[in-house]
Amino acid sequence: MTQNHPRPRADDPSPLHPLDNPARSSLTGPHAHIAERRGRILRYPADVTPWLALPDVPDAQDWADVAALAGPGGSVALAAFQEAPPQDWEIVFRADGVQLVDVSVDAAPDPEAVPLGPRDVPEMLDLVARTRPGPFLPRTVELGTYLGIRRGGELVAMAGERLHPPGWTEISGVCTDESVRGQGLASRLVLAVAHGIRERGETPFLHASASNTGAVRLYESLGFRLRRRTEFLSALVPATLPSADATRRPSLR
């Protein structure tokens, strides 16, 4: 007789490498204390970061739970995730990306870098609006250490930590104001953030758009190497969804 085995729970570790599904590895690991959950779906609070985490192989009920979290017509952001959403979900953004890991980064603190915290968020949001490095929201700063460089009292460059799979920390939010570009500030901040990550006994990694060849070359020159190619996408939940009973998993009690 075939024996039925229950599916992994939302907090079960993935059998894959932690960086294969980094949002899920983070939300079942060091960021579990801020995870919002429905069924096997995990996500960050909406004002922290938009990323949502599905199981490695989601089923119909998982997508129904995603839809319930986002609501009809709501937007869902998936980072470095390989599965496609259901066919009736409209994909409104898709970009090829790369995942780079530290293999020979010469990490070092920077004497000009200053820690950034909640009181600096208005300036950080203003810098992000001017430079558009990717999602940065009012509470993103809570995900880890952020460092900045000021000139004349004004924040002109920053970098920090975002996803946190066990043993790894993502460097994110790297941006430099146009007035000071070409001075190496982004490189210095990446190396400084990497130094803090290394001091905890963890390994830095990061994501970048595959089309942003300048940034990729910069990171490679600092000692990061390509681990895998991936994809970032945003999809809209259909306006009309099946009833919850239509996708509910049978009880395995």
>> R130 vs E178, test: salt bridge (Lys or Arg N to Asp or Glu O under 4.0 Å). Steps then yes/no.
In response: CA-CA 9 Å; R130 299 197 307 269; E178 185 176 2; over 6 Å; no
>> Before you tell me yes or no, could you show the steps for L42 and T28 under side chain to side chain contact (heavy atoms under 4.5 Å, CB included), namely the whole-Å CA-CA distance, both residues' side-chain angles and the distance that decides it to 0.1 Å?
In response: CA-CA 8 Å; L42 301 170; T28 57; 3.4 Å; yes
>> Between I171 and I197, does the side chain to side chain contact (heavy atoms under 4.5 Å, CB included) criterion hold? Intermediate values first, please.
In response: CA-CA 9 Å; I171 299 177; I197 295 169; 3.8 Å; yes
> Can you list the steps and then say if L222 with L191 is a side chain to side chain contact (heavy atoms under 4.5 Å, CB included)?
Replying inline: CA-CA 8 Å; L222 296 178; L191 295 178; 4.3 Å; yes
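S234 and S75 share a side-chain donor-acceptor pair at under 3.5 Å. A donor-acceptor contact under 3.5 angstrom links the side chains of E170 and H207, judged on distance only. T169 and R200 share a donor-acceptor pair across their side chains, judged by distance under 3.5 Å alone.
Think of L127 as one node in a network of Ile, Leu, Val, Met, Phe, Trp and Tyr side chains linked at under 4.5 Å; its network also takes in V114, L116, V121, M124, L125, V128, F136, V141, Y146, L155, M158.
Every residue meeting the side chain to side chain contact (heavy atoms under 4.5 Å, CB included) condition with L19, not counting sequence neighbours, appears here in chain and number order: H17, Q99, V101, P165, W168, F205, R227. For A113, the side chain to side chain contact (heavy atoms under 4.5 Å, CB included) partners two or more places apart in sequence, or in a different chain, are D110, L147, L189.
R24 has no carboxylate O lying under 4.0 Å from a charged side-chain N of D56, or vice versa, which leaves the two without a salt bridge. Remark: R228 engages D20 in a salt bridge, criterion side-chain N to carboxylate O under 4.0 Å. With respect to the salt-bridge test (charged N to carboxylate O, under 4.0 angstrom), the residues R150 and D120 qualify. D177 has no carboxylate O lying under 4.0 Å from a charged side-chain N of R181, or vice versa, which leaves the two without a salt bridge. Ion pairing between E220 and R217 fails under the 4.0 Å rule for side-chain N and carboxylate O. For E112 and R188, the salt-bridge test passes: some basic side-chain N is under 4.0 Å from an acidic carboxylate O.
When all heavy atoms are compared, the tightest approach of G71 to V237 is O-CB, 3.5 Å. Taking both residues in full, the closest heavy atoms of V76 and A70 are given as CG2-CB, 3.8 Å, listed atom of the first, atom of the second, then distance. Heavy-atom minimum distance, S25 versus P18: OG-O, 2.7 Å. Nearest heavy-atom pair, A208 versus F232, reported as atom, atom and distance to 0.1 Å: O-CE1, 4.3 Å. Closest non-hydrogen pair, A159 versus V174, comes out as CB-CG2, 3.9 Å. Taking all atoms of both residues into account, the shortest heavy-atom contact from V105 to R198 is O-NH2, 2.6 Å.
Counting heavy atoms from C-beta on, the side chains of L236 and W89 never come closer than 4.5 Å. In this structure, P30 and P166 have side chains that are in contact, with non-hydrogen atoms separated by less than 4.5 Å. Contact annotation: the side chain of V66 approaches that of L52 to within less than 4.5 Å [non-hydrogen atoms, C-beta and beyond]. Contact annotation: the side chain of L78 never approaches that of W51 to less than 4.5 Å [non-hydrogen atoms, C-beta and beyond]. Residues R43 and R37 are not in side-chain contact: their nearest non-hydrogen atoms beyond the backbone lie 4.5 Å or more apart.
Only one option out of D65, D62, L54 pairs with R40 in a side-chain contact (heavy atoms from CB on, under 4.5 Å); it is D62. The only member of T140, T145, L143 that meets side-chain contact (heavy atoms from CB on, under 4.5 Å) when paired with E161 is T145. Residue Y44 is tested with E36, R139, E142, H31 for a side-chain contact (heavy atoms from CB on, under 4.5 Å); the sole match is H31.
Cluster annotation: L206 and L163 are assigned to distinct hydrophobic clusters (Ile/Leu/Val/Met/Phe/Trp/Tyr, side-chain heavy-atom contacts under 4.5 Å, transitive). Transitive grouping of hydrophobic side chains (ILVMFWY, heavy atoms separated by less than 4.5 Å) keeps F224 and V103 in distinct clusters.
Heavy-atom neighbours of R229 CZ from other residues, nucleotides or ligands within 6.0 Å: at or below the threshold of 12.
A donor-acceptor pair under 3.5 Å links the side-chain atoms of S221 to the main chain of L218, judged by distance alone. Counting only distance, with no hydrogens or angles, the side chain of R162 and the backbone of G144 share no donor-acceptor pair below 3.5 Å.
The line from CZ of R132 to SG of C175 is 12.0 Å long, rounded to the nearest 0.5 Å. Between L100 atom CG and Y219 atom OH the span is 8.5 Å, to the nearest 0.5 Å.
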